Chemist: 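Structure provided below as C-alpha cells; questions to follow.
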There are 2 protein chains.
Amino acid sequence: MARNPQTVRSERTREALRRAAMSRFGAQGVEATSAEQIAEDAGVTLRTFYRHFPSKHDLLFADYDSGLQWFRGALAARPPGEPIVESVRAAIFAFPYDVEALSQVASFRAAELDPERIVTHMRRVEADVFDAVVEHLERRLEDASTRRLDIVVTARCVAAALFGTMEVWMQREERSMSDLAELSHATLSSLEAGLDESGMFRHY
Amino acid sequence: MARNPQTVRSERTREALRRAAMSRFGAQGVEATSAEQIAEDAGVTLRTFYRHFPSKHDLLFADYDSGLQWFRGALAARPPGEPIVESVRAAIFAFPYDVEALSQVASFRAAELDPERIVTHMRRVEADVFDAVVEHLERRLEDASTRRLDIVVTARCVAAALFGTMEVWMQREERSMSDLAELSHATLSSLEAGLDESGMFRHY
DNA sequence: CCGGGTTTTGTCAAAGATGACATAACCCGG
DNA sequence: CCGGGTTATGTCATCTTTGACAAAACCCGG
C-alpha cells in the first residue's frame, strides 16, 4: 500500500523530457518542435510525455509554479500577528527575481508564445497567489470560519494590487527591477491604508 | 474595401452550429458529442466549425460574453462624475440575472464541464470586467494618462470585490439572489470606504 | 529469490485544433 | 449582367490531447 513514492524513475524521465524540450526549443523554436520529437529524444512514448506535462506549452511555465511554492513558504515564515499586507510585502521583496530574469524558458515565452496564452497563465498564477493568501489568513486567524468573505476579498485585493502594479510596469518602455519594487511598495501602502479604513477588513 | 460586413451568411451558419450543438448536447451530453457531429448537423465542415468557435466548449460560454457587453453599456450610461464604486454597483444591480439563471447552457456547464474549465473562464470574465472598468475610468478622468497605476489597481480591486463575493456565495449551501445582492452591496460599501481613505485612489 | 500489489510506460484509437492553400459565394461599381 | 476584390468554406495534412486497456518495471514482505 505504498503511497506516492514518486519513484526516482519518474523524476528521471520527467527531467529527460525537460532537457529534450529545452534543447529542441533552443535549436528550432517552440512551435516548430512537436511533442513527439521531445518524447523521442527523451526515449519515451508520446503518451508518456502527456502523463508528465498537461500540454506542450506547460513546459514553459514550470518556473512560475516553483515561484509560487516559494511564495507560500515565505508567507508561512512571517511572524504571527503581523498585518497581512506587511507579510505579503516582506515575502514579495525577498523573492530572488534574478533567477526568473535569467531563466531560459522566460526568453522562449517572450519570443514565441501567443500572448493570450501568457496572460491566461498569469491569471492562473494570480489566482494561486490569492488562494495562498486565503490559506495563510485562515491558518492565522482565530475566527476565520466566520469571516470567510472578509478573507477572500482581502486576499483578492492584495493580489489585485500586486498584479495590477506588475501589469502597469510591464507596459512601460523602461523596466527596471527597482522601479517595480518602488511601485509595488507604494501600491501596497495605499492598500494597507485602505484596508485599515474600510471597516470590513480591519484588524489583520 | 468593404470591412467586416459579417455577411448574413456567416451569422446563419453560426446560428446553425449553435442550434445543432444545443440539440446534441441536450440529447446525448456535451462530452459525448463530437465537434464533427455538430458540424455535420449544421451542414458545414469541421474546419468551418472551428472558424466560428475557438473550441467546442466555447459554445457553452457565449452568454457570459454577452453579459459582459451588457455591463459595459450599463457602465457607460452612468452619469459623469459619479464615484466609480457607485457606478459599478448600479450597473451590477440592474443586471437581468434571471436570463442567465434560466439559460440552457448554464445547466450543461454545471452538469458536465470540468470545473477547472469553468474557473478558468471565470478568471477571463473577471479580467474582462476590470478591463471594462479601466476603460471606463480612462474615458471619464481628465488626467487618466498620468494615473494609470491608480486606475488599474482600483479597477482590479473592484473586480476582486465582486468576484470574491460571488466565490464565497457560490460555496454556500443556500444560494439566493437576494443574498448575493446583499453581500455585494456590503462588500462594495467597504471597498468604497477603503478607496476613499487609501490616499492613492481618492477623488473618483 | 518469489509473488503479488503499485507505479510507470507502451499501444491503439479517436477526438480536438490549426496552418496552408484552393474554391465557392457574395458584394459592388460600371 | 460582368469582373474583380472580399469573405466564408472546403480540402488536406499534421499536430495536440486524451481515454481505455495491456505490458513492463519496481518495491516489499516472506
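This structure is a prediction, so every number in the text was calculated from the model and none was measured.
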Chemist: What residues in residues 55-65 of chain B put a non-hydrogen atom under 4.0 Å from any atom of DNA chain C?
Modeler: B:S55, B:K56
Chemist: So how far is it from A:E126 CD to B:E126 CD, rounded to the nearest 0.5 Å?
Modeler: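 CD of B:E126 is found 7.0 Å from CD of A:E126.
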Chemist: With the criterion being N/O to N/O and under 3.5 Å, what pairs connect the protein with nucleotides 10-12 of chain D, and how long is each?
Modeler:
unit_1 : atom_1 : unit_2 : atom_2 : d
D:dG10 : OP2    : B:T45  : N      : 2.8
D:dG10 : OP2    : B:T45  : OG1    : 2.9
D:dG10 : OP2    : B:T48  : OG1    : 2.6
D:dG10 : O5'    : B:T45  : OG1    : 3.0
D:dG10 : N7     : B:R51  : NH1    : 3.4
D:dG10 : N7     : B:R51  : NH2    : 3.4
D:dG10 : O6     : B:R51  : NH2    : 2.4

Chemist: State whether A:R175 and A:D179 are salt-bridged, where the test is any N-O pair (Lys NZ or Arg NE/NH1/NH2 against Asp/Glu carboxylate O) under 4.0 Å.
Modeler: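 Salt bridge: no.
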Chemist: Between B:D58 and B:R117, does any side-chain N to carboxylate O distance fall below 4.0 Å?
Modeler: no
Chemist: Is any side-chain heavy atom of B:F25 closer than 4.5 Å to one of B:V105?
Modeler: no
Chemist: Whole angstrom is fine here: how far is it from CD in A:E36 over to P in C:dT11?
Modeler: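 Computing the A:E36:CD to C:dT11:P distance gives 12 Å.
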Chemist: One thing to verify: whether A:R18 and A:E15 come together as a salt bridge, which I'm taking to mean a side-chain N less than 4.0 angstrom from a carboxylate O.
Modeler: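 Looking at A:E15 and A:R18, the cut-off is met.
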Chemist: Taking atom P of D:dT9 as reference, at what distance in whole Å does atom CZ of B:F53 sit?
Modeler: 11 Å
Chemist: Could you give the CZ-to-C1' distance, from B:F49 to C:dG16, as a whole number of Å?
Modeler: 10 Å
Chemist: Write down the distance between CG (B:D114) and C1' (D:dG19), rounded to a whole number of angstrom.
Modeler: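 Nearest whole value for this atom pair: 14 Å.
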Chemist: Other residues, nucleotides and ligands only: do more than 12 of their heavy atoms fall within 6.0 Å of CD on A:Q28?
Modeler: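 For A:Q28, atom CD is crowded (more than 12 foreign heavy atoms under 6.0 Å).
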Chemist: Take the protein atom CZ of B:R117 and the nucleotide atom C1' of C:dA17, then report the distance between them rounded to whole Å.
Modeler: 12 Å
Chemist: Using a 4.0 Å cut-off on heavy atoms, which residues in residues 17-35 of chain A reach DNA chain D? List them by number, or say none.
Modeler: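 Those residues whose heavy atoms fall under 4.0 Å from DNA chain D, taken from residues 17-35 of chain A in numerical order, are A:T33, A:S34, A:A35.
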Chemist: When you check the phosphate oxygens OP1 and OP2 of D:dA8, does a side-chain N or O of B:H52 lie under 4.0 Å from one of them?
Modeler: no
Chemist: In whole Å, I'd like the distance from the CD atom of B:E40 to the P atom of C:dG16.
Modeler: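 Nearest whole value for this atom pair: 12 Å.
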Chemist: So, does B:S10 get its side chain near the phosphate of D:dT7, meaning an N or O under 4.0 Å from OP1 or OP2?
Modeler: no
Chemist: Is any side-chain nitrogen or oxygen of A:Y50 closer than 4.0 Å to OP1 or OP2 of D:dT17?
Modeler: yes
Chemist: How many angstroms lie between NE2 in A:H121 and CZ in B:R123, if you round to the nearest 0.5 Å?
Modeler: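 Reported value, rounded in 0.5 Å steps: 9.5 Å.
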Chemist: Quick test of your reading of the model: are A:D143 and A:R148 salt-bridged, counting only N-O distances below 4.0 Å?
Modeler: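 Salt bridge flag = no for A:R148 with A:D143.
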Chemist: Could you check if a side-chain atom of A:L46 sits within less than 4.5 angstrom of a side-chain atom of A:Y50, using non-hydrogen atoms only?
Modeler: yes
Chemist: Using salt bridge (charged side-chain N to carboxylate O under 4.0 Å, His left out) as the criterion, list what pairs up with A:R109, not counting sequence neighbours.
Modeler: A:D63, A:E100
Chemist: Any side-chain heavy atom of B:S189 sitting closer than 4.5 Å to one from B:R89?
Modeler: yes
Chemist: Measure the angle between the two terminal helix axes of the helix from C:dC1-D:dG30 to C:dG30-D:dC1, five base pairs each, and quote it to 10°.
Modeler: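 Result, rounded to 10 degrees: 10°.
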Chemist: Using side chain to side chain contact (heavy atoms under 4.5 Å, CB included) as the criterion, list what pairs up with B:S178, not counting sequence neighbours.
Modeler: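 Partners of B:S178 by the side chain to side chain contact (heavy atoms under 4.5 Å, CB included) criterion, ordered by chain and then number, come out as B:S176.
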Chemist: Looking at A:E86 and A:R78, does any basic side-chain N land under 4.0 Å from a carboxylate oxygen?
Modeler: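 No, no charged N to carboxylate O under 4.0 Å.
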Chemist: Give a yes or no on whether a salt bridge exists between A:R140 and A:E82, defined as a side-chain N under 4.0 angstrom from a carboxylate O.
Modeler: no
